[in-house]
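Along the sequence shown, residues are numbered consecutively beginning with 1.
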Amino acid sequence: DDVACLLFHRGMPRATVTRDSYVEKVFTIHIAGADFHARQRGDKPRAVFLHGFGGDLHTWDGVWSELAGDVPALRYGLRGFGQSATPAGPYTKSVMAQDVHALAVSLGIKSAKVVGHDIGLMVAYAYAAQYPKEVNKIALLDAFLPGVGEILMAGRKALLGSEGSVKQMLELCCVDAGRVAPEVVQ
């Protein structure tokens, strides 16, 4: 997982210009009792990008112009990251999802595609769970969903016994068991 995260960031140079037709607005917005640093293209964003641990909204610089294209989009610094405020806790993913909701409401975003990387993935997942009508699509990148690992391990033991192999577990989880190549198991 750490290698995938490094590869994600290594391949994403900081962008200095955008190719699209929207002017990027840089601003600070006061929501949920704190100031959040944000960048937005277009009046009503249809895509929201959430960065990972140790990053900030600039995590998306390299993919911003490539992925967002002419789509109105928003990226902002999660609480405690980058130029966003560090309010008193809690810093649970549920609370951070409420920040996303407050931001969406204040900017008039009724529904959006949500892209979350690393910790942003967990915030995106919590946001979709708490406000499902506000998320029309979700992309979860480069992290795990808390609790899923334990469920998979329990399922492995129940289905295969304690001696079940990684390959057997992947074959059970995949729609097409033929796609479980040796390099994936490694």
Side-chain angles (χ1 to χ4, degrees), residues 1-2 4-5 8-9 12 27-60 63-64 67-68 71-159 169-170 172-175:
D1 187 42
D2 291 338
C5 191
F8 172 84
H9 292 292
M12 303 301 151
F27 60 99
T28 299
I29 186 165
H30 188 79
I31 54 166
D35 290 332
F36 292 85
H37 182 60
R39 289 180 179 236
Q40 175 181 328
R41 288 198 252 168
D43 294 329
K44 298 235 174 156
R46 294 192 311 257
V48 176
F49 292 82
L50 305 173
H51 64 81
F53 182 77
D56 62 10
L57 62 83
H58 295 290
T59 295
W60 300 107
V63 296
W64 188 243
L67 293 179
V71 175
L74 170 75
R75 55 187 168 144
Y76 81 101
L78 299 170
R79 61 174 50 220
F81 291 93
Q83 296 176 14
S84 290
T86 307
Y91 278 69
T92 65
K93 304 314 167 272
S94 177
V95 167
M96 295 169 100
Q98 292 166 20
D99 294 342
V100 178
H101 170 71
L103 184 64
V105 168
S106 69
L107 296 174
I109 302 169
K110 296 199 185 311
S111 178
K113 295 171 179 70
V114 180
V115 181
H117 169 252
D118 190 62
I119 296 298
L121 167 154
M122 296 172 200
V123 174
Y125 186 79
Y127 176 58
Q130 291 177 68
Y131 306 98
K133 291 182 180 173
E134 294 180 23
V135 178
N136 61 38
K137 288 191 180 183
I138 189 168
L140 305 173
L141 311 172
D142 198 25
F144 62 92
L145 293 173
V148 173
E150 292 84 7
I151 293 168
L152 287 176
M153 292 311 292
R156 174 181 165 207
K157 280 187 174 180
L159 292 169
M169 188 63 193
L170 288 171
L172 284 172
C173 294
C174 293
V175 174

Checklist outcome for this item: Sequence neighbours excluded, the answer for side chain to side chain donor-acceptor pair (under 3.5 Å) partners of E134 is H101, Y127
Checklist outcome for this item: S111 meets the side chain to side chain donor-acceptor pair (under 3.5 Å) criterion, sequence neighbours left out, with N136
Checklist entry - Does the side chain of L103 reach to within under 4.5 Å of the side chain of L74, using non-hydrogen atoms? => result yes
Checklist entry - Do H58 and H51 come within less than 4.5 Å of each other through their side chains, counting heavy atoms only? => result no
Next on the checklist: Does T86 form a side chain to side chain contact (heavy atoms under 4.5 Å, CB included) with Y91? I'd like the steps, not just the answer.
Outcome noted: CA-CA 10 Å; T86 307; Y91 278 69; 3.3 Å; yes
Rounded distance [0.5 Å steps], [atom1] in [X] versus [atom2] in [Y]:
| X | Y | atom1 | atom2 | answer |
| --- | --- | --- | --- | --- |
| I29 | I31 | CD1 | CD1 | 6.0 Å |
| L121 | K93 | CG | NZ | 11.0 Å |
| L57 | F36 | CG | CZ | 12.5 Å |
| L78 | I119 | CG | CD1 | 9.0 Å |

Item to check | Test log, rule side chain to side chain contact (heavy atoms under 4.5 Å, CB included), inputs V100 and Y76 | outcome: CA-CA 9 Å; V100 178; Y76 81 101; 3.1 Å; yes
Of all heavy-atom pairs between [X] and [Y], which one has the smallest distance, and what is that distance?
| X | Y | answer |
| --- | --- | --- |
| V114 | A124 | CG1-CB, 3.6 Å |
| A128 | V135 | CA-CG2, 3.8 Å |
| F49 | A73 | CE1-CB, 4.0 Å |
| A112 | P45 | CB-O, 4.4 Å |

Next on the checklist: Under the rule for side chain to side chain contact (heavy atoms under 4.5 Å, CB included), what residues qualify as partners of Q83, not counting sequence neighbours?
Outcome noted: H37
Item to check | Contacts of type side chain to side chain contact (heavy atoms under 4.5 Å, CB included), residue P132, not counting sequence neighbours | outcome: none
Item to check | Distance-only polar pair, side chains of H117 and D142, donor-acceptor under 3.5 Å | outcome: yes
Item to check | Chi angles and distances behind the side chain to side chain contact (heavy atoms under 4.5 Å, CB included) call for R75, V115 | outcome: CA-CA 10 Å; R75 55 187 168 144; V115 181; over 6 Å; no
Checklist entry - With no hydrogens and no angle check, is any side-chain donor or acceptor of D35 less than 3.5 Å from a backbone partner on T28? => result no
Next on the checklist: Whether the side chain of Q130 engages the backbone of S94 through a donor-acceptor N/O pair (distance < 3.5 Å, no angle test) should be reported.
Outcome noted: yes
Checklist entry - Could you give all pairs that pass the salt bridge (charged side-chain N to carboxylate O under 4.0 Å, His left out) test and reach residues 96-115, with sequence neighbours left out? => result R79-D99
Checklist outcome for this item: Residues passing the ring pair (Phe, Tyr, Trp, His ring centres under 6.0 Å) test with H30, sequence neighbours excluded, are none
